[in-house]
Each structure stands twice: as structure tokens, then as C-alpha cells.
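Predicted model only: the values in this text are computed from it and were never measured.
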Protein chains: 2
Amino acid sequence: MFHTLFKLVEMGVHNGHVMFTTNQMAKSAGTSQQTASRRLIELEKLGLITRLRTPDGESIRLTEEGKRELKTAYMTLKRAVEPPPKELVLEGELFSGLGEGAYYIHQPGYREQFKKKLGYDPFPGTLNVRLGKRFFPERTLLEAMPFTSIDGFRDGKRSYGPVRCYRVLINGKARANVVTALRSHYGEEILEIIAPVNLREKLGLKDGDRVFVRVSPSSQ
Amino acid sequence: MFHTLFKLVEMGVHNGHVMFTTNQMAKSAGTSQQTASRRLIELEKLGLITRLRTPDGESIRLTEEGKRELKTAYMTLKRAVEPPPKELVLEGELFSGLGEGAYYIHQPGYREQFKKKLGYDPFPGTLNVRLGKRFFPERTLLEAMPFTSIDGFRDGKRSYGPVRCYRVLINGKARANVVTALRSHYGEEILEIIAPVNLREKLGLKDGDRVFVRVSPSSQ
DNA sequence: ATTACTAGGAATCGAGTAG
DNA sequence: TCTACTCGATTCCTAGTAA
């Protein structure tokens, strides 16, 4: 279905809305009018676009979900096309979470993959860093950095989504990984960090301390 | 078929080559092993990848054609996701072409569309500008600027591909359009420019003169 | 272990056409 | 004109296997 979304971008849907008929779209995509119509219906059902039918054509607009979809694809291609950024440093403040992140991350389904793909068994607990506002733009660049993919899984009761691990250095000293969920673009101002050791102890950190997170241009 | 190429990027084909089995690819893409195999065969037939089979898996590498394909898609998404660049100025030297560009551009199939979409009937002749080497990086940014699409057509004998028109200002004074062919990423150091009037005359230009081409952040 | 062929079932497409 | 339904044609997928 992404193919159709891409076609719409070629037709200019990203700037506000675009008016066209299913026939125009069909011609531009090299398909029949019927197929164009059906594809628009599907995109609407998926919640990626909204449509507004008028007597002579329809006005198409991307939903937030649709924009997110495009952005994700863009970031993926960016890694392939652009040379990787030299360095990326994020700065934030240490705080204690509710242990929720740590709970997920230490599910055996994830833990086995960490051991295999990152080469270490994470210390049972995560370092939570709340980024300063001025680092929000850099936060988006994080997605363009290389990463290690951890597959999702399910354990009978519920399912756990795929996550990404970015290789980082904490305060210029300790090797660690920022772990981000692929679903839920929620709480993007917070970084959850895992490491082979207890970072609070090793670096003498306590809540409220400044933490520098340097992201490596290589995933391993 | 782009869908598959995209999948390969997610698996990391862009950095050199990647080793995996059709089974791994199938699992990652949520299809059968047979489909993964078939898709790789198709991509190879299309000349987008090269494959190197080994006893336990295959090594995949993008061809130049494959990289171009990805870059084109990337540029399209870039226009949708990134805010448009503020300004873009290219500088080059005026020279006389063989009139080949002018020949194509004045085919009725193109001319009618110029009149309709750009709002003027181009002067019969193009301004050819050879860009200085230091403007090559900016030249690639041109593709991220908004443009007007001119459709391809055929006139019995041969077919004429679609082209793009970027709105520009020549030497800060004269409104014009850079015209680029979508096929053939050939001769990218040369800009072909059309305008409603004779630019050489209007601006008092002769071969070898410096020409400044300012690209507008709006297509019209 | 691989990859990839064949065959038949599933999904998608487009001509005709209704609303 | 539009969009979108039905339904036969076509394409695409996967299970079973060969190599």
C-alpha cells in the first residue's frame, strides 16, 4: 500500500491537499480508473489519507498517521542515500522511571537477542534520560543513525514490538545502547539506555545529573 | 518492485553487500521463502541488484541503477517530509549547445504544456549553462525543490520522456525555468533554461559570461 | 542446509456499468 | 461528468519438491 502513498506524494499531497480525479491518478500511475479508486478507498480505510469528494474530483489530504508513514520511509532511505552523520551528541537529565521500560527490556524474548546481537546481557535496569528542549532537533537525527534491529515477538499473553538499538557512549566513557520502540512515537524526549553494567554505579550518577549521550556512526 | 528494494535497504544492503538467506528475508518481509527468492530474481533481472550465491545464503549488492532508483525515491520523499530549502543559487558559464535541447523542447507535445502549465510560450532556443564544479552539490539539491511536471508523449516515430520545470530567476532579473529530463541522469553539470523571451538579448549575455541561477522555493 | 521450479489457490486488476 | 460496484481475466502467492 506504500506504493500508492508514494504516488500521491509525486502528485503533491504533502503540501496541504490536492484535487484530482481518479482518472488523472490512474493515468499518472499507469493503472485503470477502477484501481485508482480502490486504492484510495484502501488508503482511507487504513487511516493514511482523508478524502473529500466533490462533483468533479476529490480532495486528498494526508492524516498524521500518513505523514508518519512517509517520514519513517524517508528516514530509512536517508540512511541508504546520505553519508552517515559524523557525530551526534544528545544531552539530558537523569531521572528514575517507573521501571516500565526495564520490565519490557528484560523480557527473555528481547534479552536473548541483546546477548546475541549486542554481545552483552543488559544490567537489569535502564538509565532514563530526559532530553533538554534544544536537543529535540538532534533527537530526530538519531533515526538517521545506524542501528541494530531487535525483532518483536509474542509470549502467549501479549505481543512485544520490534525495537532499535543505537550504539552510544555515556559521558564519554561507558559503552551503552539507546533502545527505542518502533511503534508508539510517544515520549520522544526520553531516551532509555541499556548497558552491560550498572551505569549509575560505574559513573557515579544520581537523579538530576547531566548526562551526555554520544551516538556512534557505526551500529556495532 | 520498489517495495522489495526498500526491504533490502531495511536489511542494510546500502553499506556494501549483505549476506542472508531467502528464508531470513522472507521472515523479515512476512512472506514465504519462495516469494523472497522470486523477488530477488526479479530485482536481478531488472538490473537493480547483483547476487552472489554461496552454499549457505547469498550476498546482495546494489547496482548503480539500483542506487539511482533509491535516490530518486529519497528525493521525492524529501520534498514531502523536509521543509523546502529557503534558497538555492547555482552559478555557471554560458555556452552554445548544438541546439539539441532546443529541438526537443520545442516539440508541440511539450510546447502546449509549457503554455498551459508555465503560462508562456518559450522563446525558440535554450540558454545552456555549464555549472562550476563547486556547485555540483547544490545541483543535487535542485531535485529537492518544487517543480512543475511536464508529461511525456509520443509522436508516432519516437517517444519523449517526462520533464521537470524548476522556476528560476536569471541574474536576479529575468524569470525563467530550468528544464531537466527525468530519464538519463546524463550531463548533470549542464542546465537548460527556457524563458518567455530571448534571454541572451534581454540580459546582454554572450558565451563565456557568468550566469547566476536562483531557484525559487515555489513552483509557480 | 541452500535456491528455485511447478501447480493450483488467493489476491488483484480492469472492462462494463450503475448510481 | 464523477466514483465505485460486479465479475471474469490476470497476476501473485505459497505448498510441495527438485536440484
Checklist entry - Between atom CE in B:Met19 and atom P in C:dT2, what is the gap in whole Å? => result 10 Å
Item to check | Presence of salt bridge, A:Arg139 and A:Glu189, under 4.0 angstrom | outcome: no
Checklist entry - How would nucleotides 5-19 of chain C be written as a contact map, 5' to 3', with B for base contact, S for sugar-phosphate-only contact and - for no contact, using protein heavy atoms under 4.0 Å? => result B-------BBBB---
Item to check | Segment of DNA chain D, first to last nucleotide, that comes within the 4.0 Å heavy-atom reach of chain B | outcome: D:dC13 to D:dG16
Checklist entry - By ring pair (Phe, Tyr, Trp, His ring centres under 6.0 Å), which residues pair with B:Phe147, not counting sequence neighbours? => result B:Tyr166
Item to check | side-chain contact (heavy atoms from CB on, under 4.5 Å), paired with A:Leu191, selected from A:Val179, A:Leu90, A:Leu127 | outcome: A:Leu90
Checklist entry - So, A:Lys67 and A:Glu64, do they make that salt bridge, N to O below 4.0 Å? => result yes
Next on the checklist: Once side-chain hydrogen bond (donor to acceptor under 3.5 Å, both in side chains) is applied, do any residues pair with B:Arg51, and if so which ones, sequence neighbours excluded?
Outcome noted: B:Glu44, B:Glu58
Checklist entry - Are the side chain of B:Thr35 and the backbone of B:Thr31 linked by a donor-acceptor contact shorter than 3.5 Å? => result no
Checklist entry - Under 4.0 angstrom, heavy atoms only, what part of the nucleic acid is B:Ser37 near: base, sugar-phosphate, or nothing? => result base
Next on the checklist: Let me confirm one number: the OG1-CZ distance from A:Thr76 to A:Arg79, rounded to the nearest 0.5 Å.
Outcome noted: 5.0 Å
Item to check | B:Asp151 versus B:Tyr110, side-chain donor and acceptor atoms under 3.5 Å | outcome: no
Checklist entry - Checking side-chain contact (heavy atoms from CB on, under 4.5 Å) for the pair B:Leu70/B:Leu5: CA distance, chi angles, key distance, verdict? => result CA-CA 8 Å; B:Leu70 285 177; B:Leu5 206 58; 4.0 Å; yes
Checklist outcome for this item: Rounded to whole Å, CG of B:Leu40 lies from P of C:dT2 at a distance of 14 Å
Checklist outcome for this item: Residue set satisfying ring pair (Phe, Tyr, Trp, His ring centres under 6.0 Å) with B:Tyr74, at least two apart, ordered chain then number -> A:Tyr74
Next on the checklist: Let me test you: for the helix from C:dT2-D:dA19 to C:dG19-D:dC2, what is the angle between the axes at its two ends (five pairs each), rounded to 10 degrees?
Outcome noted: 40°
